[in-house]
Amino acid sequence: MKQIIYNLLSNAVKFTEDGGKVGLSASRDETSLTITVWDTGIGIPENKKHLLFQPFQLIDSSLARRHEGTGLGLVLTKKLVEMHHGRITFESVEGQGTKFIIVLPSTVGMTGRAGDERKTLPEPSNSKDLIQGKKILIVEDNKLNMLLASDYLMARGAIVSEAFDGVSAIAKASAENPDLILMDIQMPGLDGFEVLNRLKMNPVTEKVPLIAMTALAMKGDQQKCLDCGFDDYISKPVNLDEMVEKIAFQLLKGCPQ
Ligand code: MN
């Protein structure tokens with residue numbers, strides 16, 4: 001489910017220019033759960049609509065070219081929805097926006113476990129206190145990923161600084177002296193590994209804990225992250241609570257007892 005929503009939101013952001021809007025809503029009744037992801041983006045031309053769930057179709061290549069992506073996102077999304085016995089449809093007007101609608105049978109993950117819903121998740125120990133007031137630099141070229149991570153950390157009291165590429169990451173790291181750096185690996189220009197190397201060569205930044213954020217598909221990269229000197233890694237799409245836990249762990253490790 002997380003992957004489905006992530007894919008649709010990523011697309012919504014990808015195909016919506018600055019100043020546009022994207023939205024997510026959900027509702028449920030006796031029989032179904034409906035999730036809607038909409039945007040005010042470029043929309044889908046009438047003559048391309050039949051191609052939408054076909055592999056390797058990038059509807060607007062000029063906009064899509066500026067973003068990573070294989071053209072498989074919607075195909076996989078549809079497969080995932082169908083694996084949950086749901087269906088996905090869309091409505092779109094070229095130049096005005098697109099709306100994706102997912103309808104899932106409400107038996108999925110809901111009925112027969114009503115008691116579970118009241119069970120509160122264990123409070124992530126004192127990780128909230130640990131990141132309160134800490135300076136965290138997020139290095140990430142993807143706007144949506146940046147927004148998710150930085151919103152979440154700020155809501156937990158961290159002082160967040162953002163760098164959208166490797167060069168500004170290095171500049172901000174030495175100027176701002178963060179308590180921790182969260183670092184995307186795949187970035188245009190300097191990638192996460194190169195940024196790491198340069199931070200480790202600078203006495204001002206060499207000791208700052210570094211957590212890599214790597215795509216789930218890149219299994220080999222995760223071990224490579226640790227081998228190269230990252231203190232830990234988080235797989236994408238990022239589980240935000242796991243992110244906070246891992247940040248807290250690194251900050252605690254660095255605290256003199
Ligand atoms: Mn990236």
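Note that ligands are numbered from 1 as they come in the structure, with each ligand's atoms numbered from 1 the same way. Here, residue 1 is the first one in the sequence, and each next residue gets the next number. The analysis underlying the following values was restricted to heavy atoms, covering all of them including side chains, and did not include hydrogens, waters or symmetry mates.
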- Query: Got an N, O or S from Gln186 under 2.8 Å of the Mn ion (ligand 1)?
  - Reply: yes

- Task: Please report the C-alpha distance between Lys246 and Asp232 in whole Å, then the side-chain angles of each, then the deciding distance to 0.1 Å, and finally whether the salt bridge (Lys or Arg N to Asp or Glu O under 4.0 Å) criterion is met.
- Result: CA-CA 8 Å; Lys246 290 196 165 183; Asp232 203 346; 3.6 Å; yes

- Query: Taking the six-membered ring of Phe193, is the NZ or CZ of Lys224 close enough (under 6.0 Å from the centre) and on axis enough (within 45°)?
  - Reply: yes

- Item | Closest Asp141 atom to the Mn ion (ligand 1) [N, O or S only] | OD1

- Atom name of the N, O or S atom of Asp184 nearest to the Mn ion (ligand 1) is OD2

- Message: Closer than 3.5 angstrom, by distance alone: can the side chain of Lys135 be matched with the main-chain N or O of Ile159 as a donor-acceptor pair?
- Response: no

- Item | Donor-acceptor under 3.5 Å (Ser92 side chain, Ile44 main chain) | yes

